[in-house]
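What follows is a single structure, written as structure tokens, with notes after it.
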Amino acid sequence: MARCGVLTGVTGVPTLDRLLNPVPRSGWVVEVYGGAARLLAHTAVAEASRRGRVAVVNVQDFGGFDPYLAARLSRLRGGDPGNILFARAFRLHDVASLVVEASSTGAGTVAVVDPFRFAPRTPLAYSLLTRITGALRAAARDSLVSLLTGSPSSGG
């Protein structure tokens, strides 16, 4: 899984891992979006739990990321469900602080599900997203950051 400061199995999906390899342990923000992003979020978190601590920030009112499914997949893949830390943001203003807190846990991977879900619809209010983007970039200094969304981010 890891060699010389790079990761060789990031998503748990061999075909996608071959496209991404090698991925440095830090300094990268990987964004995956589309219909399969939810399933990929679960498999990527399960895969990361094999390497160590993974912090998940789920930006949803309800639904989205299922921590119980991630724990089951972790066990099936030989990971440790106890390595999965989970937080949920219910408001746009909570996202940046939760990403900062997640990265301060020492997690090697920080997975953020739908980071811009509550993004404002007017360009004049996009400045609210700057804190989230800054938190994501700061987290990437020490961890691999994965953004998993239903559509391309508007804040990157």
Side-chain angles (χ1 to χ4, degrees), residues 1-12 17 20-33 37-38 40-75 77-120 125-150 152-156:
M1 310 286 176
R3 65 172 198 261
C4 302
V6 298
L7 302 173
T8 57
V10 176
T11 67
D17 283 341
L20 291 173
N21 282 334
V23 174
R25 287 188 171 276
S26 61
W28 271 35
V29 175
V30 177
E31 180 175 7
V32 177
Y33 59 90
R38 297 263 184 263
L40 185 60
H42 292 86
T43 52
V45 166
E47 186 67 24
S49 77
R50 294 175 62 196
R51 295 188 302 271
R53 186 174 289 169
V54 54
V56 179
V57 177
N58 186 28
V59 184
Q60 288 282 328
D61 294 347
F62 56 88
F65 189 86
D66 180 354
Y68 301 106
L69 175 59
R72 284 193 301 272
L73 288 173
S74 174
R75 279 191 289 281
R77 293 174 168 271
D80 180 359
N83 281 339
I84 301 171
L85 307 174
F86 183 75
R88 187 181 307 269
F90 294 99
R91 302 176 314 140
L92 178 68
H93 292 52
D94 297 333
V95 178
S97 60
L98 283 174
V99 169
V100 168
E101 192 169 327
S103 66
S104 72
T105 63
T109 301
V110 176
V112 186
V113 182
D114 280 342
F116 300 104
R117 173 136 181 105
F118 301 119
Y126 284 172
S127 63
L128 295 173
L129 304 178
T130 303
R131 288 185 57 228
I132 298 171
T133 304
L136 293 168
R137 289 187 178 157
R141 282 191 288 248
D142 299 318
S143 306
L144 171 68
V145 175
S146 298
L147 306 180
L148 303 133
T149 64
S153 72
S154 57

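Model, not experiment: these values are computed from the prediction.
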Handout entry: Side-chain (Thr133) to main-chain (Thr130) donor-acceptor, under 3.5 angstrom
Key = no
Exercise for the section: Answer yes or no: is there a donor N or O on one side and an acceptor on the other, between the side chain of Arg53 and the main chain of Leu85, under 3.5 Å? Expected result: no
Heavy-atom pair with the smallest gap, counting every atom of [X] and [Y]:
X      : Y      : result
Pro120 : Tyr126 : O-CE2, 3.3 Å
Ala89  : Val95  : CB-CG2, 3.9 Å
Val57  : Leu98  : CG2-O, 3.8 Å
Asn83  : Gly52  : CB-O, 3.2 Å
Gly79  : Arg50  : CA-CG, 3.5 Å
Ala107 : Ala102 : CB-O, 4.3 Å

Handout entry: Close side-chain approach of Asp94 to Val59, heavy-atom, < 4.5 Å
Key = no
Handout entry: Contact check, side chains of Ile84 and Ser74, non-hydrogen atoms, under 4.5 Å
Key = yes
Nearest 0.5 Å, what's the [atom1]-[atom2] distance between [X] and [Y]?
X      : Y      : atom1 : atom2 : value
Tyr68  : Phe86  : OH    : CZ    : 9.0 Å
Ile132 : Phe118 : CD1   : CZ    : 10.0 Å
His42  : Leu73  : NE2   : CG    : 7.5 Å
Leu128 : His93  : CG    : NE2   : 5.5 Å
Ser103 : Arg137 : OG    : CZ    : 15.0 Å

Problem - Thr109/Val45 under side-chain contact (heavy atoms from CB on, under 4.5 Å): CA gap, chis, key distance, verdict - result: CA-CA 8 Å; Thr109 301; Val45 166; over 6 Å; no
